[in-house]
Amino acid sequence: ALGKIGEPAVEPLIALLSDEDSWVRSSAARALGKIGEPAVEPLLDLLFDEDPEVRSYVTEALGKIGEPAVEPLLALLSDKNPIVRRFAANALGEIGDARAVETLITSLSDENPEVRRSAAYTLGKIGGPAVEPLITSLSDENPEVRRSAAYTLGKIGGPAVEPLLALLSDKNPNVRRSAARTLDIIRKR
């Protein structure tokens with residue numbers, strides 16, 4: 001209800017972002033996501049919350065806010081905390097702004113495999129010139145990164161067929177299945 005009220009509810013909702021109860025923090029984040037731009041900075045601070053569910057709602061809220069959240073989220077892709085980097089990548093995927101492509105391509109080389117996986121998946125949501133870096137990610141040491149890269153390349157289409165065919169002999173059966181499904185999607189287009 002407070003999210004529907006709009007700007008007059010911003011300050012009371014911001015105060016709830018520091019509540020001791022994670023459900024209250026999550027609900028406040030969702031409501032602020034409906035309000036929009038005035039809530040960007042307080043929501044960004046909540047990406048550091050210890051509760052992953054709260055961070056998930058914050059990601060969703062920032063994705064709904066859209067363009068005003070892009071630049072701060074891009075900055076968070078270089079945060080020292082890999083969880084924050086991952087959730088920032090996810091939020092950028094929800095927004096779908098092409099300004100994130102180059103930074104997300106850089107994140108494909110992140111030290112943390114969850115960040116690399118999120119970056120690969122997010123690039124598929126945004127689209128754009130990421131084919132070569134994603135093809136490189138098909139040989140990532142982490143199978144989940146390889147699966148995300150395969151999925152994303154399937155959304156992009158044609159140029160990814162040869163590397164996906166090579167992935168059919170991957171040592172991980174989940175990666176092989178993902179490559180086969182992706183090739184089937186491309187074939188049906």
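Residues take their numbers from the sequence shown, with the count starting at 1. Computed from a predicted model, the values in this text were never measured in an experiment.
- Listed by chain and residue number, nothing satisfies the side-chain hydrogen bond (donor to acceptor under 3.5 Å, both in side chains) test with N81 (two or more places apart in sequence, or in another chain).
- The side-chain hydrogen bond (donor to acceptor under 3.5 Å, both in side chains) contacts involving residues 10-22 comprise S22-D51, where partners must be two or more places apart or lie in separate chains.
- Hydrophobic cluster membership differs between I185 and I135, with clusters built from Ile, Leu, Val, Met, Phe, Trp and Tyr side chains linked at under 4.5 angstrom.
- Annotation: side-chain contact (heavy atoms from CB on, under 4.5 Å) contacts of S178 (sequence neighbours excluded): R147, A150, R181, T182.
- A side-chain donor from one of N90 and S118 sits under 3.5 Å from a side-chain acceptor of the other.
- A search for side-chain contact (heavy atoms from CB on, under 4.5 Å) contacts involving S137 returns L108, V145, A149, not counting sequence neighbours.
- D184 pairs by the side-chain hydrogen bond (donor to acceptor under 3.5 Å, both in side chains) definition with R187, K188, not counting sequence neighbours.
- Legend: residues meeting side-chain hydrogen bond (donor to acceptor under 3.5 Å, both in side chains) with R25, ordered by chain and number and at least two apart, are D49, E50.
- Y57 and L46 sit in two unconnected hydrophobic clusters of ILVMFWY residues. Membership requires side-chain heavy atoms under 4.5 Å apart, directly or through other members.
- Within the structure, salt bridge (charged side-chain N to carboxylate O under 4.0 Å, His left out) contacts touching residues 55-65 (residues at least two apart or in different chains) are R30-E60, E60-K64.
- When hydrophobic clusters are built by joining Ile, Leu, Val, Met, Phe, Trp and Tyr residues whose side-chain heavy atoms come closer than 4.5 Å, directly or via intermediates, V24 is grouped together with L13.
- Remark: E67 pairs with R99 by the side-chain hydrogen bond (donor to acceptor under 3.5 Å, both in side chains) rule, at least two apart or across chains.
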Can you give each donor-acceptor pair under 3.5 Å made by side-chain atoms of residues 165-173, sequence neighbours left out, with the distance rounded to 0.1 Å?
unit_1 : atom_1 : unit_2 : atom_2 : d
S169   : OG     : A166   : O      : 3.0
D170   : OD1    : R146   : NH2    : 3.0
D170   : OD1    : N172   : N      : 2.8
D170   : OD2    : R146   : NE     : 2.8
N172   : OD1    : N174   : N      : 2.8
N172   : OD1    : V175   : N      : 3.2

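- Grouped by direct or indirect side-chain proximity (heavy atoms under 4.5 Å, Ile/Leu/Val/Met/Phe/Trp/Tyr only), Y151 sits with Y121.
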